[in-house]
Amino acid sequence: MRRQYPFHLIEPKWQTVWERQATFRAWNPGDDFGAGHPFSVRHNPSGAASALPPKFYILDMFPYPSGAGLHVGHPEGYTATDILARYRRALGFNVMHPMGWDAFGLPAEQYAILKGQHPRITTENNVANFKRQIKSLGFSYDWSCEVDTTDPKYFRWTQWIFLKLYNSWFNPALNKADPIETLVYPPDLKNDAEKRAYRDSKRLAYVSEAPVWWCEALGTVLANEEVINGKSERGDHPVTRKPMRQWMLRITAYAERLLDGLNGIDWSESLKEMQRNWIGRSEGAEVKFEVADFKTTDGQSQITVFTTRPDTLFGATYMVLSPEHKWVDQITTPGQRDAVAAYKTEVAKKSDLERTELAKDKSGVFTGAYAINPVNSERIPIWIADYVLATYGTGAIMAVPAHDERDLAFARKFNLPVRQVVQAPAGEESIGFVGDGVSVNSDFITGLPTPEAKRKIAEWLDSRGLGKKTVNFKLRDWLFSRQRYWGEPFPIIWKRDENGARYHEALPESALPLMPPNLTDFKPTSTGEPPLARAKEWVNLPDGSERETNTMPQWAGSCWYYLRFIDASNASAFCGSEPERYWMGSQPVATPGVDLYVGGTEHAVLHLLYARFWHKVLFDLGCVSSPEPFFKLVNQGLILGEDGQKMSKSRGNVVNPDEILREFGADAFRLYEMFMGPLEMVKPWNTKGVEGVYRFLGRVWRLFVDDKSETEFEQNQTTEGDQNAGALTTLRLSAAIRDETPTATQLKTLHACIKKVTEDLDGLRFNTAISALMVFVNEAITWDVKPTAVLREFLVLLQPFAPHLAEELYSRLTPGSTSMAYVEWPKYDPALLVEQTLEMPVQVNGKLRDKIVVPVTATQQEVEAAALKAEKLKPFLEGKSIKKIIVVPKKLVNIVVG
RNA sequence: GCCGGUGUGGCGAAAUGGCAGACGCACAGGACUUAAAAUCCUGGGACCGUAAAAAGUCGUGUCGGUUCGAGUCCGACCACCGGCACCA
């Protein structure tokens, strides 16, 4: 396609200007914004230091700089936020709009292994490439606060926050984290070792020996959130359960607050639902069942089950323990021992994938033991089955086959009794009914509707010490350690006490950053031992203690990067408290936290849950001033390939932004990405569509630039190959642009555009805002005289979308200006939009039949009269009686006839 | 199975309960040109109709409802996309 305008000269020119001028610098309290800077010209014209205007923090999810470079999906969100950042600057806000690199983690390490290079090298190269691509799009990032999670100056503070977690406990009385020093020890702890064990069991960062997800192919353990259908989220490799010593973060302590916090923030309902589902709160009761003729080695004889339906207790006909339940072996009778052992082996062999995929076919064995139902003293058999999960609730259930699908399937398979205790509403089958009904066959709760029955039986159990109301969560504690090289080392050392028992201790803050050892072989080991263990001289300290060799997961660095941006070069704190209060607090404006956060849905339960958790801990410890980090969050929709399929290398439908930029320029690329459709929708790429918006930018260009100088310029460009920006000076503005008073029609066109673009930007409707700009240009291009004042305001509207072109044209219109980035956003004047006459459609029985033109001032009666006279209505009114005439002021007339 | 989202021309889409299809793509016709590209102008949901028009009928996934009036609100269903899924 023929070049529409010299974007190849304009775009680099303005990117250089912005960089030299630091145009998009975000100012912190106390900063000296030098005279001459356009921000200063707008907000501090007198030159005397004055208070900062209100803040606006617009954040992108920072990218993981992969070797493949940017694809067209990345700049979608970045363009949206850039437009809003520029819009907010024009409105007078002090805007924070930063960018950085989430560069630790598995994919970076795997890429390095593939390339045979150290991840430090590959990461640097990838970052450089991403940065080049992002910069070529002309985004208004403040690069002075760029962060890189792998930079020691950054991860020092990631480690510092880990120490905060390590040195805190969750105080249930206050429902918040407190320093570990405030922990009160039970009086029966005899010595320091016992106290230490107690303290270590209460920390927000603690060591656990529980079975974890081990991924052989990746050579590391994974968090629950990273395992999907028994496969690794990344790479789709099989995972197995394996007991290992691992660091955990006590996110479960925050389950309730993470849930409640969702109510106060402006996120999409679907995203909130995803988090709610993941947290998985369910209310119910724990019920204690006595095991008949049995006592455990520590003298207990009861098994506790969790149920959300205590009202169905009378319908419990058997009990099921998970095969991993700690008492299975003890309660099993000699006769059943072989069968139980065999079943446990069989279950252990099954991968978790098999366990879920074969879900429909229930399996299990009888233990030989019986439990006593506390409400009716019935003896019910105790089974073990893998449909009961060890990790949820108490790992044991009471089975009520009549009112639970799974229990019913199991009972039918093993011929266990089914007893109805809930009457379903009329017309529904009661056996297998799991909803709310009315209790039957249930002694003292018979006749009660389900909610009341639940309440009454819970009280009954509670008063007898047989059970209590409980809330359970699906959310598990966060498995926080990885057996990989490319991550933050833990600032932890291991020691031995006088009895030879190992215990851990935190390094002091002064030891940070703790650098990883420089390994040449950083590949994972086959044993599951972390690669850091290879660095013997790093691991073994002179005093005999050893360093922790696990590293932190990829998510660690992204949990708090939005805080570092605020004060990125601070060497004495993760973020200074004054800038933190300004950008994250509710002063001086009302929005606490990041004002707008844009990114993909893929982070709905990982990054967004983890970051909220860390933020709440930091809030509890007084380090940050808002309880939630991200006030408003928007997910951009996926961009599909031209074939309507998800872009992927194997399909060969990946669009490379570099090529688009070379042919059409950054402004056209940005404009197209926003013009495709609503930000949050999934939409297919179409390069023809880029040509469309590119033509629009060409029309804008021709609206301003003199034809003749344009033709000469283009000829020189091709014949002489003059590629430097100086050539632009030969271009002259069109002679039709004059300092004349605009006509009423011209003002109306402009103000309609101002109104539409302003309202659409406030509602994040970029596509319709752009169409409004197109409507203006289609109109303005027909004017014989183009008043300077009108065109200048149009450029202010265009600037957020196509900043390079707008800056270039604005500088022609306004000699002496340095950048239009802080030029005030125009306000529309409603008076200018008022019409003298208006055209109103006239309907008969709701069908359009004619149109009438009436003065805006026409009364209802006048409009009715005019409508009845409308020529084309006659055939539809003949022989009919008029029942009613509806006049919707300024909209339409509808005549109802019979 | 459960939760969330989306269904509108050939395509991307637009429409506070009030003229369905703004804006753009693709397409067709015309102007300019030796010609093409670019640019500019015009057209365009389907059906029926006509020399051409006009008029008319139908039309926003399906079926029903509310309303003077429904793409929009309500009820039932269908399809596609995303998430969760033996969580008691």
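Note that these values count all heavy atoms, side chains included, but never hydrogens, waters or copies made by symmetry. Bear in mind that the values here come from a model prediction, so they are computed numbers and not experimental data. In the text below, chain A, chain B and the rest are named by the order of the sequence lines, each starting its count at 1.
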Please determine if a side-chain N or O atom of [X] lies less than 4.0 Å away from the OP1 or OP2 oxygen of [N].
X	N	value
A:Arg849	B:rG56	yes
A:Lys883	B:rC68	no
A:Gln4	B:rU39	yes
A:Asn778	B:rG24	yes
A:Arg702	B:rC40	yes
A:Tyr392	B:rA88	yes
A:Arg695	B:rA26	yes
A:Lys683	B:rG5	no
A:Ser268	B:rG5	no
A:Arg276	B:rC2	no

With sugar-phosphate meaning primed atoms plus P, OP1 and OP2, does [X] contact a base, only sugar-phosphate, or nothing at under 4.0 Å between heavy atoms?
X	value
A:Pro678	sugar-phosphate
A:Gly692	sugar-phosphate
A:Thr601	nothing
A:Ser270	sugar-phosphate
A:Arg281	nothing
A:Lys891	base
A:Val775	sugar-phosphate
A:Tyr672	nothing

Contact nearer the 5' end of RNA chain B, comparing A:Lys688 with A:Val605: A:Lys688
Looking only at atom [atom1], what distance separates [N] and [M], rounded to whole Å?
N	M	atom1	value
B:rC84	B:rG12	P	28 Å
B:rU62	B:rC78	C1'	7 Å
B:rG61	B:rA70	P	15 Å
B:rU33	B:rA51	C1'	33 Å

Would you mind reporting whether [Y] and [X] have side-chain heavy atoms less than 4.5 Å apart?
X	Y	answer
A:Lys469	A:Leu461	no
A:Gln636	A:Glu673	no
A:Lys344	A:Val365	no

[options]: which one has an atom nearest the side-chain heavy atoms of [X]?
X	options	result
A:Asn894	B:rC68, B:rA26, B:rG12	B:rC68
A:Arg699	B:rG24, B:rG56, B:rA88	B:rG24
A:Ser771	B:rC84, B:rA22, B:rC58	B:rA22
A:Thr768	B:rG12, B:rA15, B:rA26	B:rA15
A:Lys872	B:rC3, B:rC23, B:rA55	B:rA55
A:Asn686	B:rC19, B:rG56, B:rC25	B:rC25
A:Val388	B:rG56, B:rG12, B:rA88	B:rA88
A:Glu273	B:rA14, B:rG4, B:rC19	B:rG4
A:Arg2	B:rA38, B:rG24, B:rA88	B:rA38
A:Asn767	B:rA22, B:rA13, B:rC19	B:rA13

Mind checking who [N] pairs with, Watson-Crick or G-U wobble, both distances under 3.5 Å?
N	answer
B:rG24	B:rC11
B:rC77	B:rG61
B:rG71	none
B:rC40	B:rG30

With no angle test and no hydrogens, is the base of B:rC86 tied to the side chain of A:Lys362 by a donor-acceptor pair under 3.5 Å? yes
On the side chain of A:Lys851, is there an atom forming a donor-acceptor pair with the base of B:rC19 - under 3.5 Å, no angle test?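 A donor-acceptor contact between them is present.
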Mutual orientation of the aromatic rings belonging to A:Tyr610 and A:Trp478 [parallel < 30°, tilted 30-60°, perpendicular > 60°]: parallel
Value in whole Å for how far the C1' atom of B:rA37 lies from CD of A:Glu691: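 After rounding, the reported distance stands at 13 Å.
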Length of the line joining A:Phe696:CZ and B:rC40:P, which is rounded to integer Å: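 A:Phe696 atom CZ is separated from B:rC40 atom P by 13 Å.
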For A:Thr252 and A:Asp477, does a side-chain donor sit closer than 3.5 Å to a side-chain acceptor?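 Yes.
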For A:Phe410, is the NZ or CZ atom of A:Lys362 found under 6.0 angstrom from the centre of its six-membered ring and inside 45 degrees of the ring axis?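 Relative to the ring axis of A:Phe410, which defines the angle, A:Lys362 lies outside at least one limit.
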Measure from NZ or CZ of A:Arg612 to the centre of the six-membered ring of A:Trp278, then state whether that distance is under 6.0 Å and the direction lies within 45° of the axis. no
Is atom NZ of A:Lys272 surrounded by more than 12 heavy atoms (other residues, nucleotides or ligands) closer than 6.0 Å?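 Check passes, neighbour count above 12.
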A:Asp643, CG: over 12 other non-hydrogen atoms inside 6.0 angstrom: yes
